[in-house]
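Each remark here refers to the structure printed beneath this line.
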Amino acid sequence: MPTSFSLSQLVLISTTYLLTLFGVAWATEKGWVPRWIVRHPITYILSLGVYASAWAFFGSVGLAYQYDYGFLAIYLGLSGAFLLAPVLLYPILHLTRTHQLSSLADLFAFRFRSTWVGAITTIGMLLGALPLLALQIQAVADTIGILTREPIQDRVALAFCVLITLFSILFGARHVATREKHEGLVFAIAFESLVKLIALLAIGAYALFVVFDGPNDLEIWLSQNKDILSELQIPLQEGPWRTLLLLFFASATVMPHMYHMIFTENLNPRSMVSASWGVPLFLLLMSLPVLPILWAGLKLGAPTSPEYFTLGLGLAANNERLTLLAYMGGLSAASGVIIVLTLALSGMVLNHIVLPLYQPPAEGNIYRWLKWTRRLLICTIIVAGYGFYLLLRSEQDLSNLGLVAFVATLQFLPGLLSVLYWPKANSSGFICGALMGMLVWTIGMLLPMFSNIQEFSLPWFDYTYVLDDRNWHFSAIAALAANCFTFVVISLIARTSSEEQRAAQACVVNNVRRPERRELLARTAQQFVAELSKPLGAVTAQREVEQAMQDLQLPFDERRPFALRRLRDRIEANLSGLMGPSVAQDLVGTFLPYKAGSETYVTEDIHFIESRLEEYRSRLTGLAAELDVLRRYHRQTLQDLPMGVCSLAKDNEILMWNHALEDLTGITASRVVGSRLDSIDAPWRDLLLEFAQGSRSHLHKHALQGLHEARWLNLHKAAIDEPLAPGNTGLVLLVEDATKTRLLEDKLVHSERLASIGRLAAGVAHEIGNPITGIACLAQNLREERSEDAEIIEMSNQILEQTKRVSRIVQSLMSFSHSGQQQHDNHEPVSLFDTSAEAMHLLSLNKLSKAVNFFNLCNPQHLVLGDAQRLAQVLINLLSNARDASPEQGHIYIRTTATLSHVELSIEDQGTGISTANLEHLFEPFFTTKDPGQGTGLGLALVYSIIEEHHGEIHVDSPSDTEHQRGTRFRITLPRHVPTSSPVVSGLL
């Protein structure tokens, strides 16, 4: 006689198992389980084993008995969906992660931009989930009833619902937003899948090797029961197995618990690659024991219906351990589905039923309100499932309950495919199609489930259809056909809004377009917080904005329009994960709106397009790949162009800022691309903005004063028209640095001016020289002839003194006129120390000059090649000017420093310095800052010419003492002379 079990024993086993399951989740959340195990693809594959509910664990044997080999559709359908992952699952995963869409209702609400779409999807999923929940509850209650042999199913079902409600809340309602993944839940469901897989394989092995004593004995038994084999081949030729394939294929994406585990709880997107073959392998292992269990149950005459042969096999064999293992496997399958299903449904109801009708006050803690509301919804959904179970009173088989649930969710497959592959679909078509399909499903499948219940009757409605294994699929196909026909016709007739069109472009597979480059009213992240504080409260708004900016790695003082648009989209996505896309769209659209005028100016967001092209670079082939290479080539050409390129949109948003413009302005592209032209640094802001808004297309040799030096620029601009969007224009600004050209031109003009003045000086000196000589002779004669007249002698001396002064001026003019024309054959080694000492000695002879202190700090070893007399003339001029500029008892320093090829001589004073305006004209002939009669203005011009003759350079630093803003330093670089016996030369040799 079969073994029976006590209720207390089974309750203890059930509680222990659920506690173990919770302990696994809790240990994972605490980090006790290594993360590499939690995020391993095998863990993800096993977590998707939640698909194998109590129907797959128990009911698959019943389906095999009912449809023979047709039961394989349970496994083949889902396997087909994963084999088509690149065109079905990958795009949905990308949308789910990008826009934080935690359920199918979220996806539809995002795509069709309609609160009604989300609500109808949620209600349809709830109706379809109730039979599936009832199935799990009935499976657990029936198995305990079978094991205890007592009619206590209702009490057991109630106790199981209470227990599973508690664990569902602990598993899934501790977090609010979907961005916080439930790692503990994923690992616990993976553990649960492993338990039921091991249990099923163990029972199958027992059936094959114990009941049949191996494959050979099984083959003998089958040959003796040929009627069973002949019946197994019938469903392959006729019957509803094709509809079963479609049902289970669709279940991968439309069943709430499968969507939740595949997409929402995906911890590592790359795990989807492994799942595309791992899930079919898992299902293959799950399917292998089904037929041996069925045949073993038939052979032993198991004391249960075929759908419970998995449990009845142990009872028939009087094997207590095998029976408990089967019970544990069924309990594991049922509890896993209920936990995930209620978690997924509670989020859908919260986002699409509760929040659209009532939003929590901004003054309270929104996160806490959402968490407790979700917990209450979990309880409500499980209570509704229990009520559905009580209503049916176990009148329906597990297979019937499963079929009704799967056909209900099948009505959302057309909408899902339209999201990915039909941009013309709209909300009107989806709503009408879904309602039509659900109506046919209700009449053809849901209501007939209650036809055997006496209390449930409608006198005016005569049921002509009762669920059986021959014609249920007609109702399923009729519902789907009515849904598709209505969906397509209404979508083609009804108008699609612009918001739906933009969402369709964002959802369609391989999309690279999304026209969203509009101007926001809010200009800063702080304004985002201020606006969102109105519906969410200050604390929640601050937290959400900071979270979004952290996700995008943006600074909190971000002001670029492109970055703010990204921030707005990210906030909407995060709020979608928190409150659903419909509420998120309403909140963001109301409190973070675009400018009204920008609605007429919607262009392609080039930044978004390029980011999408980068993502799809490896997937582009053929002409698309060639066009992408061409695009990259032209873009790189503009980036590397040796001329600054700035591309502007119509609203002056910067779309390109190439490398040359970065070097010219010192402003990096990462700082300005995506911002508006009026937000860049001065002085470039005023220059480019004025030129962009002006009427001139070209601007030549425009002087721009920078922080340290002036620049001369050539600017050009050209308008860009978008042929596909008339009126949407932009500008391309070209900025050419003409500073070197301008300096070269100035140098040539300066040289020509010097040459002209030199020729003039030569002529003047020649014409003045002869009269001055005559005047000097006459003065000398007059002094000698009237030597007794003191007054005449004094006048003669004055005349001679003035003629000498004129002669010196004439000599300076002659020297200047011949500058650059001397031969350098007489250049010889010159000691700058000795030359400086001689110049200081000559200047000290003038006792009437200002008293200053000269310090000769030149290195006696520093020799240059040159003319000692002319270099002395240079030093006398510079030291004389330094003395005139210095205060009484000021210090003047003469120093030398040397390299292998040059010697630098510096003369530094402590005077008032030279103004910036005067520095530009310092070496021009006849330019002087001294009072009239104090200088001719030829000294520094002559110095410049002599230094050029010696192949040297002269530079001026003023002020030399930047701390006290005083002093001037002249730096002269001359070719160095190194004696052959010098240690430097010896070292080089």
Side-chain angles (χ1 to χ4, degrees), residues 96-103 105-106 109-110 113-115 118-119 122 172-181 264 346-377 499 503 516 518-559 561 563-595:
T96 300
R97 296 182 69 89
T98 302
H99 304 288
Q100 303 249 355
L101 307 173
S102 59
S103 66
D106 286 358
F110 173 81
R113 298 288 166 171
S114 170
T115 305
T122 300
R174 287 180 294 165
H175 305 297
V176 179
T178 55
R179 59 175 175 256
E180 300 171 346
K181 302 298 183 183
T264 306
S346 65
M348 296 172 65
V349 175
L350 175 64
N351 293 342
H352 301 282
I353 303 296
V354 177
L355 286 174
L357 298 175
Y358 174 79
Q359 292 188 11
E363 295 78 14
N365 188 327
I366 293 179
Y367 299 109
R368 183 181 302 168
W369 185 91
L370 291 173
K371 184 185 297 184
W372 281 102
T373 303
R374 194 165 192 175
R375 290 174 176 176
L376 179 62
L377 289 173
E499 286 292 326
E516 279 289 337
R518 291 180 287 174
E519 187 176 0
L520 289 166
L521 284 176
R523 294 297 188 95
T524 63
Q526 290 83 353
Q527 293 181 16
F528 276 48
V529 174
E531 292 299 321
L532 290 176
S533 296
K534 299 173 183 177
L536 299 178
V539 175
T540 305
Q542 183 76 25
R543 179 175 172 181
E544 290 300 319
V545 173
E546 288 180 354
Q547 178 66 47
M549 300 194 76
Q550 181 180 348
D551 294 341
L552 298 174
Q553 297 182 345
L554 296 176
F556 200 71
D557 58 349
E558 183 62 74
R559 292 176 176 271
L564 293 179
R565 287 196 301 271
R566 292 182 62 203
L567 179 61
R568 181 186 188 272
D569 291 342
R570 187 65 187 186
I571 290 173
E572 181 177 332
N574 288 354
L575 289 177
S576 175
L578 184 69
M579 310 173 76
S582 298
V583 176
Q585 292 161 16
D586 291 340
L587 286 177
V588 173
T590 302
F591 296 97
L592 297 177
Y594 292 105
K595 285 187 176 179

Check side-chain contact (heavy atoms from CB on, under 4.5 Å) between Gln542 and all other residues, then give those that pass, not counting sequence neighbours. Val529, Glu546, Phe556
Just to verify, what does Ala573 make a side-chain contact (heavy atoms from CB on, under 4.5 Å) with, not counting sequence neighbours? Gln100
Side chains of residues 350-361: which donor-acceptor partners sit under 3.5 Å, not counting sequence neighbours?
unit_1: Asn351; atom_1: OD1; unit_2: Gly580; atom_2: N; d: 3.4
unit_1: Asn351; atom_1: ND2; unit_2: Gly347; atom_2: O; d: 3.3
unit_1: His352; atom_1: NE2; unit_2: Asp106; atom_2: N; d: 3.4
unit_1: His352; atom_1: NE2; unit_2: Asp106; atom_2: OD1; d: 2.5

Using only atom types and a distance under 3.5 Å, with no angle test, would you say the side chain of Thr122 pairs donor to acceptor with the backbone of Gly118? yes
For Ser346, give me all partners under side chain to side chain donor-acceptor pair (under 3.5 Å), at least two apart in sequence or on another chain. Arg374
Take Ile571 and Arg568, measure what side chain to side chain contact (heavy atoms under 4.5 Å, CB included) needs, and give me the verdict at the end. CA-CA 5 Å; Ile571 290 173; Arg568 181 186 188 272; 5.8 Å; no
Which atom pair, heavy atoms only, marks the closest approach of Ala525 to Leu567? CB-CD2, 4.3 Å
In short, Ser576 meets Leu101 closest at the heavy-atom pair OG-CD2, 3.7 Å
Who are the side chain to side chain donor-acceptor pair (under 3.5 Å) partners of Gln550, not counting sequence neighbours? none
Pairing residues for Thr98 by the side-chain contact (heavy atoms from CB on, under 4.5 Å) criterion, not counting sequence neighbours: His94
According to side-chain contact (heavy atoms from CB on, under 4.5 Å), who are the partners of Leu376, at least two apart in sequence or on a separate chain? Thr380
Salt bridge (charged side-chain N to carboxylate O under 4.0 Å, His left out) pairs touching residues 520-529, sequence neighbours excluded, are Glu519-Arg523
Salt bridge (charged side-chain N to carboxylate O under 4.0 Å, His left out) contacts touching residues 528-539 (sequence neighbours left out): Glu531-Lys534
Would one find more than 12 heavy atoms of other residues, nucleotides or ligands at under 6.0 Å from atom CH2 of Trp372? no
Mind checking what makes side chain to side chain donor-acceptor pair (under 3.5 Å) contact with Thr96, not counting sequence neighbours? Tyr259
Just by distance, do the side chain of Arg566 and the backbone of Leu552 share a donor-acceptor pair under 3.5 Å? no
